[in-house]
Amino acid sequence: MPSQDRRERPDAAVVMAARAGDRQASDQLIRDCLPLVYNIVGRALDGHSDVDDVVQETMMRVLDGLPQLERPDRFRSWLVAITVRQIRDRWRRGRTYLTAEPLEENAQDAEPQADFADLAILRLALSGQRREAEEATRWLGDEEREALALWWMESAGELTRAELSKACGLTPQHAAVRVQRVRERLETARTVLRAVTASPRCPVLATALGSWDGRPSALWRKRLARHVRDCPQCLARSSDLIPAEGLLADLALVPVPAGLVLAGAPGADSAGAAVDAGTPAASGAGRTARTFSRLTAKPVAAAAAGAVTLAAAGVAWYTVTGSHEPAARPSVAAPLSPATLSVPPSPRASASGTLAPTPSPTSKPTEAPATTAETRVSGRHALRSVDRPGDYVSQAGRLGILGPVGATSPAATRQAATFTFVPGLADPRCYSLRDASGRYLRHYAFRIRLDGDDGSGIFRKDATFCPRSGSTPGSVFLESYNYPGRCLRHRGNQLWLDPSKDTAANRTSRSFVLVAPWT
């Protein structure tokens, strides 16, 4: 645990001045507390769709209650206690906040977002064990995530143990017990994650996962932990894990999205002018503006609302891109090469029938571009494995598999291995693969599966793959759009999103040849 907090605590005089309506003091309070509130709420909630609304509701209650705060020196613990109450209210209500306005208006403003773990990984460029720790949070339950959010902030130096205890309404001794429990469960989740994503996987664990749908959960963590803690092979996978608190000590906060902070009192218009009215950030800003406009009759609220605009312009953590997306996107290679297959150009292709790659100025391709084709691929095709020529990318229920298919196979088997290539849902320069029932090939917790499009941003990215040159001429491998460096690869008969490694076995097991479907 850090011996000294990384962030400076607000001075009691600043809190008192803000209570009296001093705009500069209110600006300072908002700049200091908004990132903390956003990170606690984001980590505590299981998904990201309600995070912004819960943060807004929390800030409204803070601004409403500031004049009644009796102990300005306890502002931060009071702030965190309000945040925790709002998180619990969200669980109890089980619905989206701020629904006083017409539902159809909210539906137009709402923009599905990635879950917080994905945002942290992408925005902070996490890798190695820090990335694994973030991914492991998906294996925790609601109450565990609440405790985790507070302990995570404590380990990162954003909260003291005293503030954590007061926020939870616990004695320091009881708070210590609660923190210890969530630490143990996070460590268990990390060992389970290691075992589940191992290649090759423990055969006994593989059998136990036969009915798993690929979604991490507290229930599956408990089930799998019983095996992992007694299995030498699975335990060996996690022998090098660093204690989580050691990974968090210098970890930055996840930046507050522009859509949350580019709003406020009527004077915020100039700050939001740089954001196009059609962007997700603009719609989020409109919702936030309506929220804060309810408080503009109060001097403190009006000053604080203006501070939100100031924070957007002046705090280094905040982005002004108007998006939750990372600054660097995976570079896009040339279209898939269909080898001897002739296909008509896609409506999205250029006049010459090819789609020129758009290099990213901040990221390099993980592989050389795929062989240039005369036309962009579209329509129905199958993907044949390079190292297992009789096997094809297919499906069993909701899971992606590699299975044998031939001209004499049953019609249902051939159909399961046939996919329609369409412009990528997240980026039309890449591809999404749709089956006959309308489901898309996507990854979830690194397992390849098929799901219907739920309209969310994370689904679109999960279901988008960019082509790269394969291990043999005319072959390709499909790199994940939102996890550069990971690609669709088979482990035996299972399909996973695995890291691309420069070994012969890895190159061939991730390479496929595009072929015409069976008639």
Side-chain angles (χ1 to χ4, degrees), residues 121-122 124-132 134-135 193-202 233 236-242 326 328-339 357-373 383-389 391-393 400-402 424 427 429-431 433 441-443 445-448 461-462 464-514:
I121 291 168
L122 293 172
L124 300 179
L126 300 183
S127 60
Q129 292 196 29
R130 279 181 168 171
R131 179 171 183 158
E132 288 178 331
E134 194 71 62
E135 291 169 350
L193 177 65
R194 277 283 182 96
V196 168
T197 58
S199 179
R201 182 185 286 167
C202 166
Q233 180 178 344
R237 305 283 188 186
S238 55
S239 60
D240 65 334
L241 287 179
I242 299 170
R329 301 303 314 154
S331 58
V332 179
L336 284 165
S337 172
T358 305
S360 168
T362 55
S363 63
K364 297 181 180 180
T366 56
E367 296 283 339
T371 306
T372 302
L383 286 167
R384 187 183 68 217
S385 172
V386 164
D387 61 344
R388 292 171 51 172
D391 290 352
Y392 294 77
V393 172
I401 65 168
L402 190 75
D427 189 329
R429 297 170 296 181
C430 297
Y431 293 89
L433 283 66
L441 203 69
R442 56 88 61 96
H443 62 85
F446 302 123
R447 184 72 162 92
I448 301 299
K461 289 181 284 187
D462 285 349
T464 300
F465 298 89
C466 301
R468 305 284 183 253
S469 293
S471 61
T472 60
S475 70
V476 297
F477 75 87
L478 300 177
E479 184 179 40
S480 169
Y481 175 80
N482 56 342
Y483 284 98
R486 284 183 177 264
C487 59
L488 188 152
R489 173 177 174 265
H490 75 83
R491 303 183 195 169
N493 294 332
Q494 296 183 349
L495 295 177
W496 289 81
L497 194 73
D498 279 346
S500 302
K501 298 179 181 179
D502 192 19
T503 65
N506 186 280
R507 287 194 299 270
T508 56
S509 62
R510 71 180 189 240
S511 297
F512 300 90
V513 176
L514 192 71

Counterpart residues, ring pair (Phe, Tyr, Trp, His ring centres under 6.0 Å), relative to Phe465 (two or more places apart): none
Atom of Leu193, atom of Thr197 and distance for their closest heavy-atom approach: O-OG1, 2.7 Å
Any side-chain heavy-atom pair of Val476 and Leu514 under 4.5 Å: no
Minimum-distance pair of heavy atoms, taken over all atoms of Pro499 and Arg486: CD-NH1, 3.5 Å
Closest heavy-atom pair and its distance - Glu135, Ile121: CG-CD1, 3.6 Å
Any Val513 side-chain heavy atom under 4.5 Å of Ser475 side chain: yes
Shortest non-hydrogen contact between Leu488 and Val393, atoms and distance: CD2-CG2, 4.4 Å
Short side-chain donor-acceptor distance under 3.5 Å, Arg489 and Ser509: yes
Any side-chain heavy-atom pair of Asp462 and Leu497 under 4.5 Å: no
Beyond-backbone contact of Arg510 with Ser500, side-chain heavy atoms, under 4.5 angstrom: yes
Stepwise side-chain contact (heavy atoms from CB on, under 4.5 Å) test for Arg388 and Asn493: CA-CA 10 Å; Arg388 292 171 51 172; Asn493 294 332; 2.6 Å; yes
Test side-chain hydrogen bond (donor to acceptor under 3.5 Å, both in side chains) applied to Asp391 and His490, step by step: CA-CA 11 Å; Asp391 290 352; His490 75 83; over 6 Å; no
Residues in side chain to side chain contact (heavy atoms under 4.5 Å, CB included) contact with Gln494, at least two apart in sequence or another chain: Arg201, Arg447, Trp496
Phe477 and Leu383, any side-chain heavy atoms less than 4.5 Å apart: no
Backbone of Leu241 reached by a side-chain donor or acceptor of Ser238 within 3.5 Å: no
Thr508 versus Ser511, side-chain donor and acceptor atoms under 3.5 Å: no
Salt bridge flag under 4.0 Å for residues Arg194 and Glu132: yes
Residue list, side chain to side chain contact (heavy atoms under 4.5 Å, CB included) with Asp502, at least two apart or on another chain: Arg507
Ser480 side chain near His443 side chain, heavy-atom distance below 4.5 Å: yes
Heavy-atom side-chain contact between Ser385 and Phe512 under 4.5 Å: yes
Considering all heavy atoms, the nearest Ser471-Val386 contact: OG-CG1, 3.9 Å
Backbone N/O of Leu126 and side chain of Glu134: donor-acceptor pair under 3.5 Å: no
salt_bridge(Asp498, Arg491) N-O dist < 4.0 Å: yes
